Protein chains: 2
Amino acid sequence: MQKKITELRDRLTNLDYKFTPQRRAVLEVLLKNPDGHLSADEIYELVKENYPEMGIATVYRTLDLLVKLDILQKLNFGDGCSRFEFSQSEHHHHHLICLKCGKFIEVRGDLLEKLEEMITRENQFEIINHELKFYGYCSDCRNKNKDKE
Amino acid sequence: MQKKITELRDRLTNLDYKFTPQRRAVLEVLLKNPDGHLSADEIYELVKENYPEMGIATVYRTLDLLVKLDILQKLNFGDGCSRFEFSQSEHHHHHLICLKCGKFIEVRGDLLEKLEEMITRENQFEIINHELKFYGYCSDCRNKNKDKE
DNA sequence: CTTAATGCAAAGTATTTGCAGATTT
DNA sequence: AAATCTGCAAATACTTTGCATTAAG
């Protein structure tokens, strides 16, 4: 944890960004909730617990910066706000989104290589990243009634 | 085109929804722009050309209904609004999104079966649909400078 | 001391909702 | 006639922006 924070400080200072307590606080919240898929507002609420004077605009600006530095990835689960997780350049992973209860489940897997190769070849499109979401019913909901709403 | 409209009328009346000129007009715009990935607002503007009294709330409500009936699928390309396309239960297709110019390219392909099987087996998650987006650089942009902004 | 970053409040978008009146069945 | 649907405007939700002040390097 301390290591990650030092890493961020170095990344920032190297690029002439400043290492502020607010930026540190956002990173700490993210590190404490590694699988949280937190939204900006959720991060804001958590940061405020230790840092009551934090403003939401700073959270948004910090998140933008962390995405730009490729420390975070912005995700969209279709629930009306962006959510964030640490970029994982090595381990591609996908999301299972339950259509009934809305639960997010993470799946690791790198089975897209062949597909990527084909797409690159056929479309001359250079793939940098991908996002894969599966919608369906999680084990908890499968046995219950599947009707929405 | 006429066939699709009749189909919608029947679907609606069968489920005790009403077949209104507004709903018809939204469907017509979508049928005329099959690869448009139109947003609610773009649909609204197009509908207004022939139907100036249309209200934007009706567009949103109609799109919600069409998604609920599984006629449309709601997509998110991360540009701040939802976009819509006809559901394609047979031909799964994916989107290539250029990080530089923002162009969307559609790719057809059904290479995810193995991955789906594995996920279903390992997570007891019943997959109904998926959304796959590749981010990268399209052929037009590959040769140009890749720097963003 | 210089420049970037912050907090606040206001502004901007996209979307949703309440409701009276219009329309479909 | 009964129930749904519509348009409008107001409300909401998320995010961005302007600006005076504060803080980092």
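Please read these numbers as outputs of a predicted model, since none were measured by experiment. Below, read A as the first sequence line, B as the second, and so on, with proteins coming before strands; counting in each chain starts at 1.
- Listed by chain and number, the residues in a side chain to side chain contact (heavy atoms under 4.5 Å, CB included) with B:Glu42 are B:Leu38, B:Ser39, B:Arg83 (sequence neighbours excluded).
- Taking the 5' to 3' direction, DNA chain C first and last meets chain B under 4.0 angstrom from a heavy atom at C:dA14 to C:dT25.
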Exercise. Can you give one letter per nucleotide of nucleotides 11-22 of chain D, going 5' to 3': B for a protein heavy atom under 4.0 Å from the base, S for sugar-phosphate only, - for none?
Worked result: ---SBBBB----
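- For the atom pair B:Leu69 CG and B:Leu15 CG, the distance stands at 6.0 Å (nearest 0.5 Å).
- Under the 4.5 Å side-chain heavy-atom criterion for grouping Ile, Leu, Val, Met, Phe, Trp and Tyr, A:Ile71 is not connected to A:Leu75 through any hydrophobic cluster.
- In this structure, B:Lys74 NZ and B:Ser82 OG are separated by 4.5 Å, a value rounded to the nearest 0.5 Å.
- For residues 1-15 of chain A, there are no salt bridge (charged side-chain N to carboxylate O under 4.0 Å, His left out) pairs, not counting sequence neighbours.
- Atoms OG1 and CG, from B:Thr62 and B:Leu66 in turn, are 6.5 Å apart once rounded to the nearest 0.5 Å.
- For A:Ala40 against A:Phe84, the heavy-atom pair with the smallest separation is N-CE1, 4.3 Å.
- Not counting sequence neighbours, the partners of A:Ala25 by the side chain to side chain contact (heavy atoms under 4.5 Å, CB included) test are A:Val47, A:Tyr51.
- D:dG7 atom P lies 11 Å from atom NZ of B:Lys48, rounded to whole Å.
- Taking the C1' atoms of five terminal pairs at each end of the helix from C:dC1-D:dG25 to C:dT25-D:dA1, the two resulting helix axes are inclined by 40°, rounded to 10°.
- Of all the residues in residues 15-30 of chain A, A:Tyr17, A:Lys18, A:Thr20, A:Gln22, A:Arg23 reach under 4.0 Å from DNA chain C with at least one non-hydrogen atom.
- Taking B:Glu45 as the reference, B:Asp41, B:Lys48 meet the side chain to side chain contact (heavy atoms under 4.5 Å, CB included) condition, with sequence neighbours excluded.
- Side chain of B:Ser87 to main chain of B:Asp70: a donor-acceptor pair is present (N/O by atom type, distance under 3.5 Å, no hydrogens or angles).
- Two rings, from A:His37 and A:Phe77, have their centers less than 6.0 Å apart.
- Residues meeting the side chain to side chain contact (heavy atoms under 4.5 Å, CB included) test with B:Arg24, sequence neighbours left out: B:Gln2, B:Ile5, B:Phe19, B:Glu28.
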